[in-house]
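Below, chains carry the letters A, B, ... as their sequence lines are ordered, and counting in each starts from 1.
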Protein chains: 2
Amino acid sequence: MELRQLKYFLKAKELLNFTEAAAALYISQSTLSQQIKQLEDELQVPLFNRIGKRITLTEAGNLFAVYAQQSVNKASDGLQFIKDLNNLETGKIAIGVTYALRHVVTKALILFSSEYPKIQFEIVFGTSQELIQKLNHFELDVILTFEEIASEEHFKYQELFTSPMALVTSTETPFSNKKSISLEEVSALPLALPSNGFSTTQFINKAFKKDNLNPKVTIEINDIPTLLELIKTGNWHTILTKTTIENEKDLHAIPIKGENMTRTAMLISLKDVYEKKAVIAFLKILMENLAVN
Amino acid sequence: MELRQLKYFLKAKELLNFTEAAAALYISQSTLSQQIKQLEDELQVPLFNRIGKRITLTEAGNLFAVYAQQSVNKASDGLQFIKDLNNLETGKIAIGVTYALRHVVTKALILFSSEYPKIQFEIVFGTSQELIQKLNHFELDVILTFEEIASEEHFKYQELFTSPMALVTSTETPFSNKKSISLEEVSALPLALPSNGFSTTQFINKAFKKDNLNPKVTIEINDIPTLLELIKTGNWHTILTKTTIENEKDLHAIPIKGENMTRTAMLISLKDVYEKKAVIAFLKILMENLAVN
DNA sequence: ATAATCAATCGATAAAACCGATTTAGAAAT
DNA sequence: ATTTCTAAATCGGTTTTATCGATTGATTAT
């Protein structure tokens, strides 16, 4: 039994397709077949059912996968630990961000990079769901998003700050100087909203439904910069957390009245995996610079 | 990084002597040297200090050993777990049963559990259709039911025994001592039947239709224990396979006359999927104890 | 029926693990 | 200081094995 074989097995388990798994592992399908077979021979039990050309996990395969994953994880934790120890000068930080929180990350990124210029970054923008999936696949070290309804046991959560939901409108519009605005007033305006995958949209739609309001949503779009362009024309308005349009010159955010009309920005990472030193240092800088806001 | 290298490293760490460690691992000293070096190259840090001809662990080596040991342990735990699974020391059996055959299962269950107390059971009662659906979704290992009209190609069937269709009636009723009874006689009695999802009901309704009989069905119910309660009052009678009321004190089963008035109890499982050792052992006990009936 | 898909298998090749012999160098003994 | 001893590193060659491409066989999709 070797880590190589365990990794092969886990990828095959994930994709339930030897051909695709082999491609993902950059090996040939025949190699994968052979290595899986070898592992099965050693365990003296099949890990997969071969039903025709489809494969499914056996009971043994399903149970063994837990140990295989842990073994692989421990080894990779060890590797990561050493990398960090070596020199806080190598390593890569993979961070996922919802678009609304981009300013938080960019600010920290600039500061951190001047202090530790050799650390590589991978910044992934996406919806909360996309990011959480990547986190679960060990593709990200940490994600920065708004609070989720369902908190999961294997995640570590850390609150950063709260930001009110706000009507975002061009500075040109007549009511752009209002201090606050009610949901009912908002529902009467022509709206362009982020598409349904965005948690902000899910959040605000719930609020509309609760108050029996029928907002006039004329546009749904899954790209925030484009959305903001549209808003700047003054023809539409949108609803975002206030923090989303920090540093946007021609836009104004009017907080929406009502309780629970704030969202909490959070750091989410996986429990029980080794925390990279570089990530810890980066988050330290990130959090220190929240206070300045 | 491979488990082999981690094991070599851990033995070297333990003995702090490459020559001895190599001997303990049944490899040559040169191989050990090379493999350790390869590991160090991958980690980009020395694991051992070579002070003259003596070796000591570096800080990195000491810290890395923790992860290496955990990784190796998890792999060997997985191996051990599979061994246990093969020896019926662990594992789970999911079995689906139609209510009529509960006694067959409970009897086997009691015997099996005393021999293999560590095996978990999930017993699911339901109609044939429900159970077959679960079997197809890999939620059950095997189901115990009566023969189906449509036999499917991807199932494996095994006959157990036959049981006559019978009029089930309270021991108090005047004709409870009859040796057998015709369908026509039955159709004149007030009947309470299992609801239409039950294969027994489908079976008997077909027989009525064939003989152009109009049974007096006053109650349909989808819970057999409750049905039996009603029958015990003597106000209604029902039709079930004889085996259903085995061990029921106050009820009597009168076989119904006619050919094809018997049903065959069967084991149904999926072809081509790995059969759990525990399931094989359980079915063996189950079948051995049919003969005693 | 026909084509497409996928896992298993086969034979050949490249990679790597391994060994024995030798070298290097520190430690111990003279 | 020289020699001897010991243990790790290194070298060259051998064996093992991981890998690949091509093919087969079986199943699914068209």
**Student:** Hey, is the side chain of B:Thr19 poking within less than 4.0 Å of OP1 or OP2 on D:dA8, counting only N and O atoms?
**Tutor:** yes
**Student:** NE2 of B:His154 versus P of D:dA26: gap in Å, rounded?
**Tutor:** 20 Å
**Student:** Whole angstrom is fine here: how far is it from CG in A:Leu25 over to P in D:dC20?
**Tutor:** 10 Å
**Student:** Using a strict 4.0 Å threshold on nitrogen-to-oxygen distance, state whether B:Lys284 and B:Glu288 make a salt bridge.
**Tutor:** yes
**Student:** Look at A:Asn17 and C:dA7 and indicate whether a side-chain polar atom (N or O) is within less than 4.0 Å of OP1 or OP2.
**Tutor:** yes
**Student:** Calculate the interatomic distance between B:Leu39 atom CG and C:dA16 atom P; express it in whole Å.
**Tutor:** 15 Å
**Student:** Can a salt bridge be assigned to the pair A:Lys37 and A:Glu40 using a cut-off of 4.0 Å between side-chain N and carboxylate O?
**Tutor:** no
**Student:** My understanding is that only residues two or more places apart in sequence, or in another chain, count here; which of them pass side-chain hydrogen bond (donor to acceptor under 3.5 Å, both in side chains) with B:Tyr99?
**Tutor:** B:Arg102
**Student:** Between the axis at one end of the helix from C:dA1-D:dT30 to C:dT30-D:dA1 and the axis at the other (five pairs apiece), what's the angle to 10 degrees?
**Tutor:** 30°
**Student:** Where along residues 1-12 of chain A does a heavy atom fall under 4.0 Å from DNA chain D?
**Tutor:** A:Arg4, A:Tyr8
**Student:** How many whole angstroms separate atom CG of A:Leu16 from atom C1' of D:dT28?
**Tutor:** 17 Å
**Student:** In this structure, how many angstroms lie between the C1' atom of C:dC19 and the CD atom of B:Gln35, rounded?
**Tutor:** 13 Å
**Student:** From CG of B:Leu57 over to C1' of D:dA8, roughly how many Å is that when rounded to an integer?
**Tutor:** 16 Å
**Student:** Rounded to the nearest Å, what distance is computed from the CG atom of residue B:Asn49 to the C1' atom of nucleotide D:dA8?
**Tutor:** 14 Å
**Student:** What are the two closest heavy atoms between B:Ala24 and B:Leu15, and how far apart are they?
**Tutor:** CB-CD1, 4.3 Å
**Student:** Among all residues two or more places apart in sequence or in another chain, which pass the side-chain hydrogen bond (donor to acceptor under 3.5 Å, both in side chains) test with B:Asn222?
**Tutor:** none
**Student:** Quick one: side-chain contact (heavy atoms from CB on, under 4.5 Å) partners of B:Glu89, sequence neighbours excluded?
**Tutor:** B:Asp84, B:Asn87, B:Lys118
**Student:** For A:Phe18, which residues count as a ring pair (Phe, Tyr, Trp, His ring centres under 6.0 Å) partner, sequence neighbours excluded?
**Tutor:** A:Phe48
**Student:** With sequence neighbours left out, what residues match A:Asp223 under side-chain hydrogen bond (donor to acceptor under 3.5 Å, both in side chains)?
**Tutor:** A:Thr226
**Student:** Take B:Phe81 and A:Phe64, measure what ring pair (Phe, Tyr, Trp, His ring centres under 6.0 Å) needs, and give me the verdict at the end.
**Tutor:** CA-CA 7 Å; B:Phe81 188 88; A:Phe64 181 70; 9.0 Å; no
**Student:** Can you check nucleotides 8-14 of chain C for protein contacts, nitrogen or oxygen pairs under 3.5 Å, and list what you find?
**Tutor:**
unit_1 : atom_1 : unit_2  : atom_2 : d
C:dA8  : OP1    : A:Arg50 : NE     : 2.3
C:dA8  : OP1    : A:Arg50 : NH2    : 3.1
C:dA8  : OP2    : A:Ser33 : OG     : 2.8
C:dA8  : N7     : A:Gln29 : NE2    : 2.7
C:dA8  : N6     : A:Gln29 : OE1    : 3.0

**Student:** Would you say the side-chain atoms of B:Thr264 and B:Thr162 include a donor-acceptor pair closer than 3.5 Å?
**Tutor:** no
**Student:** Using side-chain hydrogen bond (donor to acceptor under 3.5 Å, both in side chains) as the criterion, list what pairs up with A:Asn62, not counting sequence neighbours.
**Tutor:** none
**Student:** Once side-chain contact (heavy atoms from CB on, under 4.5 Å) is applied, do any residues pair with A:Ala60, and if so which ones, sequence neighbours excluded?
**Tutor:** A:Val45, A:Thr58, B:Ile82, B:Leu85
**Student:** Is the shortest side-chain N to carboxylate O distance from B:Glu139 to B:Lys92 below 4.0 Å?
**Tutor:** no
**Student:** Under the ring pair (Phe, Tyr, Trp, His ring centres under 6.0 Å) rule, collect the residues that match up with A:Phe121, sequence neighbours excluded.
**Tutor:** A:Phe112, A:Phe282
**Student:** Could you tell me how far apart B:Gln38 (CD) and D:dA9 (P) are, to the nearest whole angstrom?
**Tutor:** 14 Å
**Student:** Applying a 4.0 Å non-hydrogen cut-off, can you work out what B:Tyr26 is touching in the nucleic acid: base, sugar-phosphate, or nothing?
**Tutor:** sugar-phosphate
**Student:** Please list each protein N or O that sits under 3.5 Å from an N or O in nucleotides 25-27 of chain C, with the distance.
**Tutor:**
unit_1 : atom_1 : unit_2  : atom_2 : d
C:dG26 : N2     : B:Lys53 : NZ     : 3.3

